[in-house]
Every structure is written in C-alpha cells, then in structure tokens.
Number of protein chains: 2
Amino acid sequence: MAEATIRDVARRAEVSVASVSRALNGLDNVRAETREKVIKAANELGYVPHAGARSLSLARAHAIGVVLPDLHGEFFSECVRGMDKEASRRGYLLLLSNMHDDSDQAAVALRAMRGRVDGLLVMAPHIAPETLEHAIPPALPSVMLNSHADLPGRPALRFDNRAGAEAMVDHLVANGYRHIVHIAGPEGNLDAAQRADGYLAACARHALPARILPGDFNEEAGEAAAREILASSTPTDAVFAANDMMAIGCLHALRSAGTQVPEQIAVAGFDDVPLARYLSLSTIRVNIAEMGARAVARLIDLLEGKDLTRASETLPPELVTRATTAPRTAHPNGAAHA
Amino acid sequence: MAEATIRDVARRAEVSVASVSRALNGLDNVRAETREKVIKAANELGYVPHAGARSLSLARAHAIGVVLPDLHGEFFSECVRGMDKEASRRGYLLLLSNMHDDSDQAAVALRAMRGRVDGLLVMAPHIAPETLEHAIPPALPSVMLNSHADLPGRPALRFDNRAGAEAMVDHLVANGYRHIVHIAGPEGNLDAAQRADGYLAACARHALPARILPGDFNEEAGEAAAREILASSTPTDAVFAANDMMAIGCLHALRSAGTQVPEQIAVAGFDDVPLARYLSLSTIRVNIAEMGARAVARLIDLLEGKDLTRASETLPPELVTRATTAPRTAHPNGAAHA
DNA sequence: TTGTAGGCGTTATCAA
DNA sequence: TTGATAACGCCTACAA
C-alpha cells in the first residue's frame, strides 16, 4: 500500500487539498470545524507530508549538507553530535557526505547535494582554497569549518590553532623545559601549519631553539619521531606533537625505550582526545562539538536572513595540563630511575 | 543568481527539455550531435540536476535515512563510516537523525524522513519492539540494526552478543579464573541483556557461581562495581563488564585501590574500543563498521529488488585477549606486590 | 530522433 | 473561509 497523499486526505475529509494544506500547516484562515475534519482524516490515514514535494514547492529543504574529511573516532562523532543537536533543535536534518582525500570525489559529493539541502557545512583542511571555491555550488550558502583562507561570502569557523600551540609552549617553558621539539602534521594541512607556526613563534619569543620533525597525524609518526629524538645528539627535554595521536605514539615509544616521562622528556599533544585523559597527556582541548553546533547555528541564521555578524569566528583553545608535562624542578633526578 | 534549470539548458542548446533529460541521463535514443550540444550547454551553465525534483518524478530519492541512538565516540563514527562507504559506493546519500532515549522524539525523527529517503536503517536497542513497529512508516523498507526481536518484513542485523559473552567466560575459565562477576548494562537494553545471558549460560556450563552487578554502560558504573567487589566478602578473581567503558572504570578503581590486575583480579570488557588496546584490556571485538556497511548493502538490495536472503543475519564476535586476563597460573604470587 | 504535455505531492495565488 | 489551479524541476509516455 502506497503512502497517503494530501489528496487522499482531502477526499476523506471532503474538502479541497488547499484546505488540507492550510489546516495542517496551522494557517489561521481555516474554520475550526474544517481543521478538525482534516486532522481526523489525516490521522486515520496515517498521513505524513512528503518532504521532497514540500521542499520543491517551498524552495526550502530544511536540510543541511555536511561534508567532512576522513575524521577519526571521537573527533568525527563529537562534531556530528554538536551539529545534530543544533540542527534538530531548529528543525533541520543533516545530510552526510564524507569527502575523502580525493578532490574530484569531493566535487561529486558536493553536486549530489544540489536540490536536497538549503546550505552546506564544509570542513576541508586539506583542500586548496581555489579547488574548494570551484567545487562548492555558488548559489548554496555555506559555512566553512577549519578551512583554508576565507572564501568570499562564506563565513568561516576555526580554532585558534596558533594560540593553542603558543599556550602549550608557554606552559612547557613555565615548567622548566627548554629544548622543545615539535612533531608536525601532514604537509598542506591547515591545522598542522598553524600549530607549527604557533610553536615557532613561541620559541622565538622565548629565545629558544626550534626543531621540527615531520609527521602525518598518525601514531606511527610519533613513534618514528621518538626514535629520531633518542638517536639524535641534539638535547631534547620536551616533545610537543601537532596532535594527540602522534603524542601518544611518541609517549609509548619513549617509555618502551626506557625513557622517563616527564622526568627525562615531557610530552604534549593537541586535541584532547579521550585517550589523552587516560594517559595523563597534557594537551590543548578543542571543543569540536561546540564548533559543529555553532556552525549549524551560523548557517541557519544565514539561511533565515538573520545573520548579524558576517565576520568569521575564531574559537579559543584551552590548555589542559596533566602529568606528562609536570614541572621539571619537581623531578631533578628523574633520569636516575632509568 | 539562481541555479540553472533543465529549461535553461534546453534553451541554450536549442533543443527541448526532453532531449536534455535524455542526453544527460545517457539514454541511447539521442543523436550524438544533440547530446554534445546539450552537454556543452550544461557545462557552460554549470547545470546540476535538482535532486529534489528528480526524486519526486522518479519516486526515488537515492538517499537512506539513518536513525541511531546516542552512540559514543568510536562506536558512532565507525558505524557511520561503514555505512557511508557502502552508500557512496552505490550512489546513495545518508540522512542522519539521532534518536535519543525519548521514543516520541524518535517518531518525529522518523516522520521527518518521509519523502526524502528510499529506506531506513534503524538502530534502537533501547526501544520496545511494538513502539518501534508503530513508529516506522510501514511503506518504508528498512533494516534493523541490533534491535529487539525481528519485525515482520524488516531484515535485522545483529551481533551475537551471547556467543561473545560465552567466549569471554570460556577464555577466563581457561586461564584459571573461577569467581567471575558480571557488570551488566542498562535495564531494557537488548545488547546488555544478551551479554548477561551469555555470561549466565557459560557460568552454568562450567558449573561456576554467577554474580551480576548492576551497571549502565558508563565508566562510573564500573568504578562503583569495583568498590562493591572490594567491599564484599564474596571471593572474586575476575570481572567481566558488559562493555569496555565499564571495564575501564572498574580497572582504574581496582588499581587505585592497590589491587593488581590481573594478578588478583582479572578484568574484561566488550566492544574493543580504541582505549581497550592502550590499556591492554581483553575484550570482544565488535566490527561495527562492517555491520554498518552490510546494513546499507542489505537495504539497497532490498530497494533494488535483488534481495535474495530474506533472513536476518547474525555477525560473529571476536575474542581479543590481552594482559588484563593473562593466565592465572603465570602469576601465582601476584598479591605480594600490593 | 525529437517535442509536447501530463504528472510526481505540495504550497500559494486568486477568485468566488 | 474555501476551492481551482498554476507553479516548483524533473522524467517519460505519446505523438510527430
């Protein structure tokens, strides 16, 4: 049995489709008696309006397209959770599409959204601005998350990666560390670049030597960096990785090699994934759920014409200090344990 | 500037809209020359078909509604990742909707899908079958994930929680543990109930005493259970929690209290969240991504009429043994360390 | 091979 | 207050 349409309801209530539409949408130019007849008929038939037809007629889908890169674990789920919360609160549905590293595929994903969503939320820290600008349908309002330089007409939300990195270096310095190595994120990734910048700036400010090891945001890169550090003759008393996973890999590798953390080498990460808490890893907390929620709010405001502040927004990071960066002076002879 | 429509393309290519439709959809009754003209015009205008209109006329949205409960972290993201992979491979988009514990809200979420999706993927281990059956639009093909008893006409995919739990108890017994306590999941949750069943069955099979402590899948419940175990006079040499988070809470609480794991008390969980690996927690691996992917495949087969096997499917669990359940005989004097 | 026209389910305009 | 009817953008008989 096919679903009931508005015409079925009209027939059963013995009114016109126009009246059904008006009654069900709560317009006031309907006699109370008529409205009741309509509602009764609709209930009896289990009528649910066809959202596709509705959006065609209204030119409004009440849906938001979400295009995310290959995020991992908590990061992905927290982001979507934040978005979903705000979206469902305001009566919007989320249409999901993963954009893998391939930018052709990204374009396909974006086109598929045409005619199903009112706006787009795009997170693409790995795609060049021109490519991105080219791929997003020009007529679709959209909010960029954590992406490269601002695109004309599209507000952007991002974390202050730079300030976060600086805060971590400041913290390490305050705790007595002087030879801080940075493990970088992947080439071309905006977050990674900004974190490295912050690290360099803070080192310069403190007149400390800077040393950057390559990385790719994966645990293995952290392990490799640890080996590099242990093998190298350059003195190192702290490692600041561009994300938690690399910090965790580094932490494991250091400890496996018999190095005391933080007594001999301190370790810090970035993101505050749940694992960080368990491993007592100092890090920079990134409230991704809030970013998701804000992005949705921003987009819906844009769609409904109540966008007051056109400017892009930068969310402040939060320093989370734990055991892996404990003050150096508290462990003057840490190495003796080795 | 509004998006170009098929009419704009037709005008520019100097053909009828019908020819544009035919040319763009790859029908063969179009002259090559005409097709070229159309494609050229479409490219020049940046034409992208309006999916809403398309689905209205085709009665096919090429989208799948996904209704999930409040899943956490990795669990949620892996599930969606698996679904997205298979869906995008087959040209479908995912429409997401979180169904919180409230079953009214669930009904609303489900109705909102009408007319935007071709089918539904529903995971609702916490909602009673009748409620669920009532809430799902009868005309919408759907696949149930990890839900209560089969609903007529809707295939179900689920993990063999029972077999998983039995496998873990068998493993504990094989490793020399005899007083195994189970920390249960929330009341009314299907996964929780099946895991408890498996635990009880295995205990009975081994003629071992069974003892179940209440829990709710959260870390704190594991901590509370640990306190209970330590305070109680009932001998206990192993704890098997209904999920990893409770096992982790229990593990921490035991160790904080100076109890050696596994020397004095072994600990096991269920799910194999990423944290489990880091904490060397033995557990039952649940390949949620594959379940998501299979569910999508199943649903699309159903939609496209090539559903061969109507029966429900049960996915086998995998035992992952790690340090927290190491053989008892290997640590005869573990307690001496305390 | 092409074009005309009707329909998908809904809302909105305009008379009545 | 109500009802007929024309959109919305697309696909697809049916005719030419």
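Protein chains get the first letters and strands the later ones, always in sequence-line order, with residue 1 at the start of each.
- As a whole-Å value, the separation of L56(A) CG from dA6(D) C1' is 13 Å.
- Heavy-atom neighbours of E187(B) CD from other residues, nucleotides or ligands within 6.0 Å: at or below the threshold of 12.
- Taking atom CZ on R60(A) and atom C1' on dA7(D), their separation rounds to 18 Å, with Å as the unit.
- A sub-4.0 Å separation between OP1 or OP2 of dC10(D) and a side-chain N or O of S57(B) is absent.
- Here S21(B) reaches the OP1 or OP2 of dC11(D): one of its side-chain N or O atoms lies under 4.0 Å away.
- When each of V48(A) and N29(B) is assigned the nucleotide of DNA chain C bearing its nearest heavy atom, the one mapping closer to the 5' terminus is N29(B).
- Minimum heavy-atom separation, S16(B) to A10(B): C-CB, 3.8 Å.
- To the nearest angstrom, C1' of dG3(C) lies 16 Å from CZ of R11(B).
- Once rounded to the nearest 0.5 Å, the distance linking OG of S57(A) with NE2 of H50(A) reads 13.0 Å.
- Here the side chain of T34(B) is nearest to one of dT10(C), dT2(C), dT2(D), namely dT2(C).
- Residue T5(B) is classed as a sugar-phosphate contact, given heavy-atom separations below 4.0 Å to backbone atoms only.
- Nucleotides of DNA chain C nearest to D28(B) and L58(B) differ in position, and the one nearer the 5' end is that of D28(B).
- Counting non-hydrogen atoms under 4.0 angstrom, A59(A) reaches nothing in the nucleic acid.
- Whole-Å rounding puts the N25(A) CG to dT2(D) P distance at 15 Å.
- When rounded to the nearest whole Å, the span between CZ of R54(B) and C1' of dC8(C) equals 14 Å.
- Counting heavy atoms of neighbouring residues, nucleotides and ligands inside a 6.0 Å radius, atom CD of E304(A) exceeds 12 of them.
- One donor-acceptor pair, N or O on each side, does fall under 3.5 Å between the base of dG3(D) and the side chain of R22(A).
- If you measure from atom CD1 of I6(B) to atom P of dT4(C), you get 14 Å, rounded to the nearest angstrom.
- Under 4.0 angstrom from either OP1 or OP2 of dG3(D) there lies at least one side-chain N or O belonging to S19(A).
- Where G52(B) and L27(B) each meet DNA chain D at their nearest nucleotide, the meeting point lying more 5' is that of G52(B).
- The distance between atom CG of L45(B) and atom C1' of dG9(D), rounded to the nearest whole Å, is 15 Å.
- Judged by distance alone, with hydrogens and angles left aside, the side-chain atoms of N189(A) form a donor-acceptor pair with the main-chain N or O of D191(A) at under 3.5 Å.
- Atom-to-atom, CZ of R116(B) to P of dT10(C) comes out at 13 Å; the value is rounded to the nearest Å.
- Set against dT2(C), dC11(D), dG9(C), the side chain of V30(B) has dT2(C) as its closest nucleotide.
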